[in-house]
Amino acid sequence: KDISSLCLWRSAFRKFRDDGQVHHDSIAGALEFIGFKPDLNLLEPAFSEVSGGYSTLAEDELIAFFESYTRRMDHKVDKAFEKADHKSSGFIGHAELRELLASFGICPMSHVLEEMVHSCGVTRKGVVNLKEFKEGIHLLRAREGFTEGEAKHFGHLFRRCDKDGTGELNASELEEVLGWLGYALDRQGMQAILKQIDFTSNSALGFAEFLMCMRKVREYEMEKLKDVVADIDEEGLVKLDYAELPEALEALGYVMPDRQAIFDAATEAGLDPKELQIDLSQLWKMLTVYRAKEGFSTAECEDIKASFNLYSQDGHIGTLEVGAALRRLGYSLNLDLTQQLFARVDLDMSGNLNLSEFRKLIRMYQGQNFLNLSAVVSFATQDGCWTSEEKADLLRASGCIQLVEAQEALKNIQSTCIDPDASEVASALRQLTTQQDSFTVQQEGAGDTQAVVKAMMWCQKARRDSIRANGGFSALEMQDLQQKFDKWDRDSSGDITDGELASLLQDCFPDISWNVGKRSMITKIVSEMETLNHGHYDFSEFVKLMTHVIEVQLQDRLERERQAIAATKFTHKEVEEFRELFLSTSDAQTTLQIGALVRLLQKICPLGDRNMSELHRLIREVLALEGDRHMSSEMQGRARENREVKKIDRVDDEVEVEFPLFVMLMHRLIEVNFAGIREVANRVAK
């Protein structure tokens, strides 16, 4: 017994002990925990040898049991190897090796088996002796059937997710890492796996258990695949045509797998995607590459890389740069949603993302977006018929405010889509964009609703293309900017002067008259551009100016969030929990109405007349501090006088607050323990 084995055995005791003893019923689980597939023919005699007739084992007795079981297993291995070595040469080849491992309940994938043979029998080609075979079994058990590279990758990820440095992952950290890896696990599948490894919400996983969990995830995916693919022979050879791969991945839970991305992943995994037969090992290799590329094709990955490189410094980008890189790709995410996704991807809370993490952020957004669209479509199809208003709502949900964008998506589907359901998708989109009052969706049709969701996704792609072409603005936003520009281009010359620009900016940013910070910021940007444009701006130059202004606004918004977090001393986890609450209450918008905040609090706190009055007093207090921060000293004095004169009891329900102010409000409510909110929070936490 080496030191590492002894440490693992003692860990097994700590995990499975009950009142200082490990019961007989837990022994099989303890054996699996240390890497064995329990063999009852060895377990029972080994247990009887050390238990003295009792049904429980103390720590030293459990270690003695593991030693006895290992000796018996070694003896069984010796006999089995001798039997498999038909020629008595002292060596066995690939075929005998696979068969022998299977007899011990070990069924490694082909690429894992090849690595085992190579690492243990490097002096000979394709054969191993008994000593090497035992070393190979030890490696397979220690790595839970993964290759050395896969195990190292999981080890690196485990350390990144272990944020508190305890050497263990709790339930929330485990869920994070599985989502981060991109496995298509639904809640039911996750619970089934956690149950197998005896994991509860109060449990914690060490690295050995984490690897076991990852093996269970792989087994779950492979078993699910076997249910999907009917034609599998006794040796595990899947007779799967290239055209069936997207359907197989979709059945596994992957969101709208792209045919070109699958082709590229198969090619990079060293496979010929047009072969009619691939085994489970090859399919797993393809899935590994597919997940590493986050389901994107090679061309899409290159596009994402180009956008990332445009804004990265030393191979990393921060939150502000992530937003700019996303806009360049046509994604119009608001800052709070970007921040939320950023936090999910940035496992080690470094505040920066590398290229693979940036790709992962986009994949997470697409997955979340797909679920949102599916929910919208499912709700809309409850009665099986959509009115023209409902169709307009669906198009708005997909981001296509203008019908022309949806019609552009329809043209793209008809000309470029290689999805086998392209005709159904085009039909769904055609009906969405038609002028007729309503159309009927077949009730039995998951296929119909799926086609509608895909049609909406194509609408979003058309919108992204439009945003990219417009320098980060949607077609509707460009239309609005053009109208404002034309309004102040009074002589219709196609450009505006400095004086006209001031009025135009006042039109675009009404709060510039009282917000000193914003006014000085915009004035500085305009001054910098004046030297380049000599006091004249055409529409394209005005759009560039607006892009610059928006970037500086986002920078200011991030700084205000940083200041709010510093002032409240909330932890990173608490901030992200508040952000999730903010986004869910505001329907993922950048601002939250006071009325919505009051309704949220009504669900968790008693809000009678007295509490309601106190709540509005606290809201006014925080709003006043925020408003004063933006004003000159003279304006602050005037605002205070106005507040005294008006003696406002309630804050208008339609007043909107951004996330930094929401954080300050929540801190103030917790600070004074408004309506017992601390006790409510503690109950929720428990």
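Position 1 is the first residue of the sequence, and the numbers go up from there.
In this structure, His548 contributes its side chain and Met546 its backbone to no donor-acceptor pair below 3.5 Å. Panel note: side chain Ser584, backbone Leu581; a donor-acceptor pair is recorded below 3.5 Å. At distances below 3.5 Å, at least one donor-acceptor pair connects side-chain atoms of Arg678 with backbone N or O atoms of Ile670. Judged by distance alone, the side chain of Lys293 and the main-chain N or O of Ala265 form no donor-acceptor pair under 3.5 Å. Within the 3.5 Å criterion, the main-chain N or O of Ser474 finds a donor-acceptor partner in the side chain of Glu477. Side chain of Trp180 to main chain of Leu347: no donor-acceptor pair is present (N/O by atom type, distance under 3.5 Å, no hydrogens or angles). With hydrogens and angles ignored, the 3.5 Å screen pairs no side-chain donor or acceptor of Asn354 with any backbone N or O of Phe358. Formation of a donor-acceptor pair under 3.5 Å by the Asn352 side chain with backbone atoms of His316 is not found in this model. Within the 3.5 Å criterion, the main-chain N or O of Thr571 finds a donor-acceptor partner in the side chain of Glu574. Within the 3.5 Å criterion, the main-chain N or O of Asp538 finds a donor-acceptor partner in the side chain of Glu541.
Under the 4.5 Å side-chain criterion, counting only non-hydrogen atoms from C-beta, Gln339 is in contact with Leu558. Residues Val598 and Met612 form a side-chain contact, since some pair of their non-hydrogen atoms from C-beta on lies under 4.5 Å apart. With contacts defined as side-chain heavy-atom distances shorter than 4.5 Å, the pair Leu355/Lys305 qualifies. Looking at Gln593 and Asp653, their side chains never come closer than 4.5 Å, going by heavy atoms from C-beta outward. The side-chain heavy atoms of Met478 and Phe539, taken from C-beta on, include a pair separated by under 4.5 Å. Leu601 has its side chain within reach of Leu607: a pair of non-hydrogen atoms, C-beta onward, lies under 4.5 Å apart.
Around atom CD of Glu577, more than 12 heavy atoms belonging to other residues, nucleotides or ligands sit under 6.0 Å away.
Nearest heavy atom pair, residue Leu597 against residue Phe662, reads CD1-CE1, 3.8 Å. Scanning both residues, Thr338 and Leu361, for their nearest heavy atoms gives O-CD1, 4.4 Å. The minimum heavy-atom distance linking Ser297 with Ala261 is given by the pair N-CB, 3.6 Å. Considering all non-hydrogen atoms of both residues, Thr298 and Asp264 come closest at N-OD2, 2.8 Å. Between Asp652 and Ile594 the shortest heavy-atom distance is O-CB, 3.8 Å.
The aromatic rings of Tyr331 and Tyr365 sit perpendicular to each other, their planes meeting at more than 60°, with 30° as the lower class boundary. Aromatic ring pairs are classed by plane angle as parallel below 30°, tilted from 30° to 60° and perpendicular above 60°; the pair Phe485 and Phe542 is tilted.
Taking a cutoff of 4.0 Å between a charged side-chain nitrogen and a carboxylate oxygen, Arg562 and Glu559 qualify as a salt bridge. Between Arg557 and Asp336, at least one side-chain N (NZ, or NE/NH1/NH2) sits under 4.0 Å from a carboxylate O, which counts as a salt bridge. A salt bridge is defined here as a Lys NZ or Arg NE, NH1 or NH2 lying under 4.0 Å from an Asp or Glu carboxylate O, and Arg363 with Glu300 fails to meet this definition. Between Glu294 and Arg359 there is no salt bridge, since no side-chain nitrogen of the basic residue lies less than 4.0 Å from a carboxylate oxygen of the acidic one. Salt bridge Lys484/Asp489: absent, no basic N to carboxylate O contact under 4.0 Å. Taking a cutoff of 4.0 Å between a charged side-chain nitrogen and a carboxylate oxygen, Glu614 and Arg617 qualify as a salt bridge.
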Under the salt bridge (charged side-chain N to carboxylate O under 4.0 Å, His left out) criterion, do Glu658 and Arg579 qualify, and how do the steps go?
CA-CA 11 Å; Glu658 292 182 312; Arg579 196 188 309 280; over 6 Å; no
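Here the CZ atom belonging to Phe342 is positioned 10.0 Å from the CD atom belonging to Glu576, to the nearest 0.5 angstrom. Remark: Met364 CE to Asn369 CG distance equals 15.0 Å, nearest 0.5 Å. Atom CD1 in Ile677 sits 9.0 Å away from atom CG in Leu615 (nearest 0.5 Å). Interatomic distance, Asn470 CG to Gln479 CD, rounded to the nearest 0.5 Å: 11.0 Å. The OG1 atom of Thr591 sits 3.5 Å away from atom CD of Glu656, with the distance rounded to the nearest 0.5 Å. For the atom pair OH (Tyr290) and CG (Leu249), the distance works out to 5.5 Å, reported to the nearest 0.5 Å.
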